[in-house]
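The following block contains the structure, expressed as structure tokens.
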Amino acid sequence: MQGESLRPSAIDTNVPSVARMYDYFLGGDDNYQSDREACEQLLKQVPSTKVLAVNNRRFLQRVVRLLASEYGVRQFIDHGSGLPTQDNVHQVAQAIDPASKVVYVDSDPIVLAHGRALLDENDRTAVIQADMRDTDGIFGHEETTRLIDFSQPVAALFVSVLHCIPDEDDPAGLVRRVAERLVPGSFLVVCQLVSDRPEIRKFVTDFMAEATGGNWGRVREEREVAEYFTGLEILEPGLVEVSTWRPDSDLAPTQLTDEWIEWGGLARIG
């Protein structure tokens with residue numbers, strides 16, 4: 001659960017936002033009473049959610065650091081980026097190479113406002129307000145074309161966002177469309193919320209759809225997320241619960257219950 005309300009909209013503080021709920025779980029301040037109440041209700045049924053959010057964020061930081069340091073990636077598009085917090089994608093990537101360029105994509109207007117304030121003096125990073133399903137709009141956006149050279153490898157990130165996309169909008173097809181637009185040697189980072197318990201999948205899917213006014217898709221199963229990677233070269237250690245993906249510390253919080261997990265990995269486009 002990272003970010004992305006599906007449709008660009010005005011700010012309604014009475015309706016919880018996925019991006020602001022994620023901010024609350026990470027200990028941030030950019031959330032409202034409706035977000036906090038929804039989070040507390042969610043925790044009653046899925047108490048692992050806060051730890052899951054922290055471990056998901058750490059996964060994002062590790063994979064970006066790896067892409068920048070070991071694979072030389074200097075261009076990133078972060079779909080459904082959520083609200084800025086510590087060690088954002090541009091900060092991790094630009095610590096490796098200050099010339100790294102990052103485009104953040106989110107439809108939540110609060111993300112746009114906070115992101116632009118944070119990045120006001122960073123001309124190698126941009127935040128655009130867009131529906132992450134609109135690949136043509138994102139790739140053709142003036143800020144994207146200003147920053148991203150599509151003749152060179154790009155890392156496209158879908159970190160904890162594809163559960164926001166309903167089945168009828170074909171999340172696997174979205175990943176495929178983006179992969180088809182990128183040159184060989186590019187990368188995809190994909191993970192989403194999964195559960196092997198039907199009652200958990202149903203409860204969270206129904207709860208979040210109602211709480212967010214329909215800005216939600218579905219908690220899925222591992223086999224469904226694996227389909228996102230069809231035709232791609234999945235890199236070691238494969239598709240896993242994200243806290244176990246190339247851990248760099250033994251200090252990560254332990255998810256004490258496993259009613260749902262964040263599951264995915266890193267793939268290269270051949």
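The figures here come from the full heavy-atom set of this structure, side chains too, leaving out hydrogens, waters and symmetry mates.
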Is the shortest heavy-atom distance from the side chain of Val219 to the side chain of Phe203 under 4.5 Å?
-> no
All heavy atoms of Ala53 vs all of Leu26, minimum pair found to be O-CD2, 3.6 Å
Cluster link Leu43 to Leu52, ILVMFWY, side chain under 4.5 Å = yes
Output, in order, the C-alpha distance, side-chain angles, deciding distance and verdict of side-chain contact (heavy atoms from CB on, under 4.5 Å) for Leu83 and Tyr22.
-> CA-CA 8 Å; Leu83 283 156; Tyr22 187 70; over 6 Å; no
Determine whether Ser81 and Val111 make a side-chain contact, defined as any pair of heavy atoms from C-beta on separated by less than 4.5 Å.
-> yes
Crowding at CD, Glu233 (>12 non-hydrogen neighbours, <6.0 Å) = yes
Can you check side-chain contact (heavy atoms from CB on, under 4.5 Å) on Asn56 and Val159, steps first, answer last?
-> CA-CA 8 Å; Asn56 174 69; Val159 175; 3.5 Å; yes
Any luck finding a side-chain donor-acceptor pair between Ser34 and Asn14 under 3.5 Å?
-> no
Exam field: side chain Arg62 to backbone Trp245, donor-acceptor pair closer than 3.5 Å | yes
Does Asp167 come within less than 4.0 Å of Arg220, counting only side-chain N to carboxylate O?
-> yes
Which atom pair, heavy atoms only, marks the closest approach of Asn215 to Thr212?
-> N-OG1, 3.2 Å
State whether a side-chain donor-acceptor pair under 3.5 Å links Tyr24 with Glu40.
-> yes
Consider only side-chain N and O atoms of Glu241 and Asn55, and report whether a donor and an acceptor are under 3.5 Å apart.
-> no
Do the ring centers of His90 and Phe76 come within less than 6.0 Å of each other?
-> no
Quick one: are Trp260 and Val194 in side-chain contact, heavy atoms under 4.5 Å?
-> no
Can you check side-chain contact (heavy atoms from CB on, under 4.5 Å) on Trp263 and Gln192, steps first, answer last?
-> CA-CA 6 Å; Trp263 197 81; Gln192 84 142 76; over 6 Å; no
Check whether any side-chain heavy atom of Glu221 sits under 4.5 Å from a side-chain heavy atom of Asp196, and report yes or no.
-> no
SG of Cys191 to CD of Glu262: how many Å apart, nearest 0.5 Å?
-> 4.0 Å
Shortest non-hydrogen separation from Ala211 to Val15 and the atoms involved = O-CG1, 3.7 Å
Do Glu236 and Arg246 sit within salt-bridge range, that is, some charged N less than 4.0 Å from a carboxylate O?
-> no
Is it true that the side chains of Glu37 and Gln41 contain a donor and an acceptor less than 3.5 Å apart?
-> no
State plainly whether the residues Asp136 and Arg181 are in salt-bridge range, i.e. N to O under 4.0 Å.
-> yes
If you measure from the Lys or Arg side-chain nitrogens to the Asp or Glu carboxylate oxygens, is any gap between Glu180 and Arg177 under 4.0 Å?
-> no
Side chains of Tyr71 and Arg268: does their closest heavy-atom pair fall under 4.5 Å?
-> yes
Group every Ile, Leu, Val, Met, Phe, Trp and Tyr by side-chain heavy-atom contacts under 4.5 Å, then state whether Ile138 and Phe150 land in the same group.
-> yes
Pair Arg65 + Glu70, salt bridge at N-O below 4.0 Å | no
Atom CG of Asp97 with >12 non-hydrogen neighbours under 6.0 angstrom | yes
pair Met132-Val161: side-chain heavy atoms closer than 4.5 Å = yes
Under 3.5 Å side-chain donor-acceptor pair for Glu259 and Ser195 = no
Between Gln61 and Val89, is any pair of side-chain heavy atoms under 4.5 Å apart?
-> no
Gln75 versus Asp149: any side-chain heavy-atom pair under 4.5 Å?
-> yes
Look at atom CG of Asp123 and say whether more than 12 heavy atoms of other residues, nucleotides or ligands are closer to it than 6.0 Å.
-> yes
Could you go step by step and tell me if Leu174 and Leu162 meet the side-chain contact (heavy atoms from CB on, under 4.5 Å) rule?
-> CA-CA 9 Å; Leu174 168 59; Leu162 292 175; 4.0 Å; yes
On a heavy-atom basis, the closest approach of Phe158 and Leu188 is CE1-CD2, 4.1 Å
Between Arg176 and Asp170, is the closest basic N to carboxylate O distance under 4.0 Å?
-> yes
Supply the atom-to-atom distance Thr205 OG1 to Glu210 CD, rounded to the nearest 0.5 angstrom.
-> 13.0 Å
Taking a hydrophobic cluster as the set of Ile, Leu, Val, Met, Phe, Trp and Tyr residues connected by side-chain heavy atoms closer than 4.5 Å, whether directly or through intermediates, do Ile128 and Leu147 fall within one such cluster?
-> yes
